[in-house]
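Values below: all heavy atoms of this structure, side chains included; hydrogens, waters and symmetry mates excluded. Just so it is clear, the structure is predicted and the values come from calculations on it, not from any experiment. Residue indices begin at 1 and follow the sequence shown.
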Amino acid sequence: RGLVPWPGAYTLFEDKRLKVLKTSVFSEEPSQAPAGSVLRLVPEGIVTACGHGSLLLKEVQLESARAMDARSFTVGHSVRTGMIFGGEK
């Protein structure tokens with residue numbers, strides 16, 4: 001059980017669960033944006049605001065879909081700068 005990645009990290013995207021599979025710290029500089037906000041889209045993935053700094057989402061998995069790199073996810077879905085994961089649309 002120690003190697004099972006459960007429960008893992010997830011958020012909501014268009015009322016569906018979005019599992020966050022791979023990440024890295026993007027910046028430790030504070031952001032004025034609310035936590036969960038998409039700050040920018042970069043070739044490596046999706047940069048989101050956190051409580052302290054920002055996080056780069058590298059691999060995600062939408063509910064009932066296969067895991068994919070975050071950049072591919074942005075191409076097939078309506079991810080845009082300023083939107084907030086986990087709540088507001």
Next on the checklist: Show, in sequence, the C-alpha distance, side-chain angles and deciding distance for S78 and M83, and conclude whether the side chain to side chain contact (heavy atoms under 4.5 Å, CB included) test is met.
Outcome noted: CA-CA 10 Å; S78 58; M83 71 175 291; over 6 Å; no
Checklist entry - Between R71 and L41, is a side chain to side chain contact (heavy atoms under 4.5 Å, CB included) present by the stated rule, with each step listed? => result CA-CA 8 Å; R71 180 65 178 159; L41 304 175; 4.2 Å; yes
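The main-chain N or O of G86 is found under 3.5 Å from a side-chain atom of T11 such that the two form a donor-acceptor pair.
L18 and L55 fall within the same hydrophobic cluster, where Ile, Leu, Val, Met, Phe, Trp and Tyr residues are linked whenever their side-chain heavy atoms come under 4.5 Å apart, directly or through other members. Residues M68 and V38 fall within the same hydrophobic cluster, defined by Ile, Leu, Val, Met, Phe, Trp and Tyr side chains chained together at heavy-atom separations under 4.5 Å. Linking Ile, Leu, Val, Met, Phe, Trp and Tyr residues whenever their side-chain heavy atoms come within less than 4.5 Å leaves V60 and L21 in two separate clusters. Linking ILVMFWY residues whenever their side-chain heavy atoms come closer than 4.5 Å, directly or via other members, places L56 and L39 in the same cluster.
What you find for A49 and P34 is that their closest heavy atoms are CB-O, 3.5 Å. L57 and T48 make their closest contact through CD1-CG2, 4.0 Å (heavy atoms, listed as atom of the first residue, atom of the second, distance). Shown here for A35 and I84, the closest heavy-atom pair between the two residues is O-CG2, 4.0 Å.
Between the NZ atom of K19 and the CG atom of L62 there is a distance of 11.0 Å, given to the nearest 0.5 Å. Here OG1 of T23 is found 11.0 Å from CD of E59. Values are rounded to the nearest 0.5 Å.
Aromatic ring pairs are classed by plane angle as parallel below 30°, tilted from 30° to 60° and perpendicular above 60°; the pair F13 and F85 is tilted.
For E63 and K16, the salt-bridge test fails: no basic side-chain N is under 4.0 Å from an acidic carboxylate O.
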